[in-house]
Amino acid sequence: KRSNIWLINYIYHSMECFAVRYSDICWNVSPRIEEGRKKFLGLKTTKDKQIVVPIGVWEKDIVKKIKVKNDYRLIFVGHLLEKQGVQEVIRAMPAILKKLPRVSLTIIGGGEYEQPLRELVESLSLEKHVQFMGWQSDQAAIQKEIIKSDIALATYMPSGRDTTNFSYYADPTKIKTYLSCGVPVLMTDVSYNAKLLMKSGMAVVVPYNHQDIARAIVTILSDTQKLVEMKEFAIVQAHRFTWKTIFDMALMRTNPSI
């Protein structure tokens with residue numbers, strides 16, 4: 001479901017069905033997209049017509065070295081919707097601050113859920129610890145803010161296999177951006193690659209509740225050596241999903257003669 005307006009949704013998915021049926025091959029950013037098309041659109045295709053081509057990063061955007069100093073800085077970048085789960089991080093802040101009084105949260109982005117988030121910050125008296133930077137169009141400036149941070153956030157609300165929430169089926173761009181900046185990710189188990197990122201040592205997967213989020217953040221930030229290791233893993237792994245690598249693999253699968 002891409003829109004709450006039925007006509008826009010109908011047009012979008014009609015175009016999607018046409019493209020998948022009549023194209024020679026379809027590149028999907030995650031394996032769950034094919035699953036979603038079967039479930040909600042009744043769209044089935046021949047084997048190997050749909051292949052996974054995940055989101056990548058440009059080699060030039062991967063940082064060369066990590067920020068070693070622990071400034072106890074959390075960051076979220078993206079569209080402010082309820083499903084993004086930033087509210088649970090804000091609810092976790094009082095418990096975090098009891099253990100680590102220097103922790104701060106920077107929020108870059110805007111959207112329909114910004115005002116409820118601001119009201120939540122005010123109700124918890126967190127104005128000194130939470131900064132809203134609004135929409136930023138300068139990608140280089142956003143990257144600098146991420147690089148200055150210690151933990152990046154992708155705490156999506158859980159959705160389940162029957163959801164129409166597109167985040168469940170996608171490969172969120174922000175996660176790859178975070179990692180290319182040398183910043184480990186605290187995330188919920190919503191994106192298809194969450195457990196893989198955790199096994200690779202560059203992410204921590206937590207349940208969607210502020211108590212577990214608080215405990216995880218305190219644990220990560222309290223162990224500077226482990227945090228540095230996670231940052232190093234993030235940069236190493238980021239080189240595995242550059243656009244060149246991804247496109248080379250996709251084109252080889254699309255046309256083995258290339």
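The basis for the numbers below is simple: all heavy atoms, side chains too, and nothing from hydrogens, waters or symmetry mates. Sequence positions, counted from 1, serve as the residue numbers for this chain. Quick caveat: nothing in here was measured; it's all calculated off a predicted structure.
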Discussion item. Checking Glu34 against Arg37 for the salt bridge (charged side-chain N to carboxylate O under 4.0 Å, His left out) test, could you report, in this order, the C-alpha distance in whole Å, the side-chain angles of both residues, the deciding distance, and whether it holds?
Written reply: CA-CA 5 Å; Glu34 183 177 4; Arg37 289 192 180 117; over 6 Å; no
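- Distance check: Ser191 OG to Ile55 CD1 gives 12.0 Å after rounding to the nearest 0.5 Å.
- Of the possible polar contacts, one joining the Ser180 side chain to the Thr177 backbone as a donor-acceptor pair under 3.5 Å is found.
- The main-chain N or O of Val20 is found under 3.5 Å from a side-chain atom of Lys49 such that the two form a donor-acceptor pair.
- Side-chain contact check for Arg91 versus Leu120: some heavy-atom pair is nearer than 4.5 Å.
- Put simply, the side chain of Leu41 reaches to within 4.5 Å of the side chain of Glu16, judged on heavy atoms.
- Atom CD1 of Ile11 is separated from atom NE2 of His13 by 11.5 Å, given to the nearest 0.5 angstrom.
- At a threshold of 4.5 Å between non-hydrogen side-chain atoms, the residues Ile246 and Asp248 do not count as touching.
- Of the possible donor and acceptor atoms, one in the side chain of Tyr178 sits under 3.5 Å from a partner among the backbone N and O of Leu153.
- Interatomic distance, CZ of Phe76 versus OG1 of Thr106, reported as 12.5 Å (0.5 Å rounding).
- Clustering ILVMFWY residues whenever any of their side-chain heavy atoms sit less than 4.5 angstrom apart, transitively, puts Leu179 in the very cluster that holds Val68.
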Item to complete: Might you work through the side chain to side chain contact (heavy atoms under 4.5 Å, CB included) test for Ile96 and Tyr72, ending with a clear yes or no?
Response: CA-CA 10 Å; Ile96 296 169; Tyr72 301 91; over 6 Å; no
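- Judged by a 6.0 Å distance limit and a 45° cone about the ring axis, Lys176 is positioned over the six-membered ring of Phe241.
- Checked for salt-bridge contact, Asp189 and Lys195 meet the test: a charged N lies under 4.0 Å from a carboxylate O.
- Looking at Ser149, its side chain never comes within 3.5 Å of a backbone N or O of Ile151 through a donor-acceptor pair.
- Tested against Pro207 for a side-chain contact (heavy atoms from CB on, under 4.5 Å), the candidates Thr155, Asp212, Thr188 yield a single pass: Asp212.
- Ile75 and Leu81 fall into different hydrophobic clusters, where Ile, Leu, Val, Met, Phe, Trp and Tyr side chains are chained together by heavy-atom contacts under 4.5 Å.
- Taking CG of Leu221 as the reference point, atom CG of Leu186 lies at 9.5 Å (rounded to 0.5 Å).
- Between the side chain of Asp71 and the backbone N or O of Arg73, no donor-acceptor pair lies under 3.5 Å.
- Under a 3.5 Å cut-off, the side chain of Gln84 and the backbone N or O of His79 do form a donor-acceptor pair.
- Within a 6.0 Å radius of CD in Gln225, other residues, nucleotides and ligands contribute 12 heavy atoms or fewer.
- Few gaps surround CZ on Phe247; more than 12 heavy atoms of other groups in view lie less than 6.0 Å from it.
- Ion pair Glu145/Lys148 flagged as a salt bridge, since at least one NZ, NE, NH1 or NH2 atom sits closer than 4.0 Å to an Asp/Glu carboxylate oxygen.
- In this model, a donor atom of one side chain and an acceptor atom of the other lie less than 3.5 Å apart for Thr242 and Thr245.
- Between Ser104 and Leu74 there is no side-chain heavy-atom pair separated by less than 4.5 Å.
- With a 4.5 Å cut-off on side-chain heavy atoms, Met93 and Leu124 do not count as touching.
- At distances below 3.5 Å, at least one donor-acceptor pair connects side-chain atoms of Gln136 with backbone N or O atoms of Met133.
- Inter-residue side-chain proximity for Trp243 and Glu59 is flagged as unmet; no heavy-atom pair is nearer than 4.5 Å.
- Taking the six-membered ring where the residue is Trp, Phe40 and Tyr169 present perpendicular rings, their angle passing 60° and hence far from 30°.
- A salt bridge links Asp150 with Lys67: the closest approach of a Lys/Arg side-chain nitrogen to an acidic carboxylate oxygen falls below 4.0 angstrom.
- Inter-residue side-chain proximity for Pro158 and Tyr168 is flagged as unmet; no heavy-atom pair is nearer than 4.5 Å.
- Taking hydrophobic clusters as Ile, Leu, Val, Met, Phe, Trp and Tyr residues chained together by side-chain heavy-atom distances below 4.5 Å, Phe18 does not share a cluster with Tyr10.
- In the hydrophobic clustering of ILVMFWY residues, with side-chain heavy atoms under 4.5 Å counting as a link, Ile146 and Val103 come out together.
- Rounding to the nearest 0.5 Å gives a distance of 5.0 Å between CD1 of Ile220 and CE of Met230.
- In the hydrophobic clustering of ILVMFWY residues, with side-chain heavy atoms under 4.5 Å counting as a link, Tyr192 and Met202 come out apart.
- The pair Glu122-Arg118 does not count as a salt bridge, with every side-chain nitrogen at least 4.0 angstrom from each carboxylate oxygen.
- Within the 4.5 Å cutoff, no side-chain heavy atoms of Asn70 are placed close to those of Val228.
- Leu97 CG to Ser125 OG: the interatomic distance, rounded to the nearest 0.5 Å, is 11.5 Å.
- By the 6.0 Å contact criterion, CG on Asp138 is enclosed, its count of non-hydrogen atoms from other residues, nucleotides or ligands being greater than 12.
- Taking a cutoff of 4.0 Å between a charged side-chain nitrogen and a carboxylate oxygen, Arg32 and Glu35 do not qualify as a salt bridge.
- With hydrogens and angles ignored, the 3.5 Å screen pairs a side-chain donor or acceptor of Glu88 with a backbone N or O of His210.
- The number of heavy atoms from other shown groups lying within 6.0 Å of CZ (Arg240) does not exceed 12.
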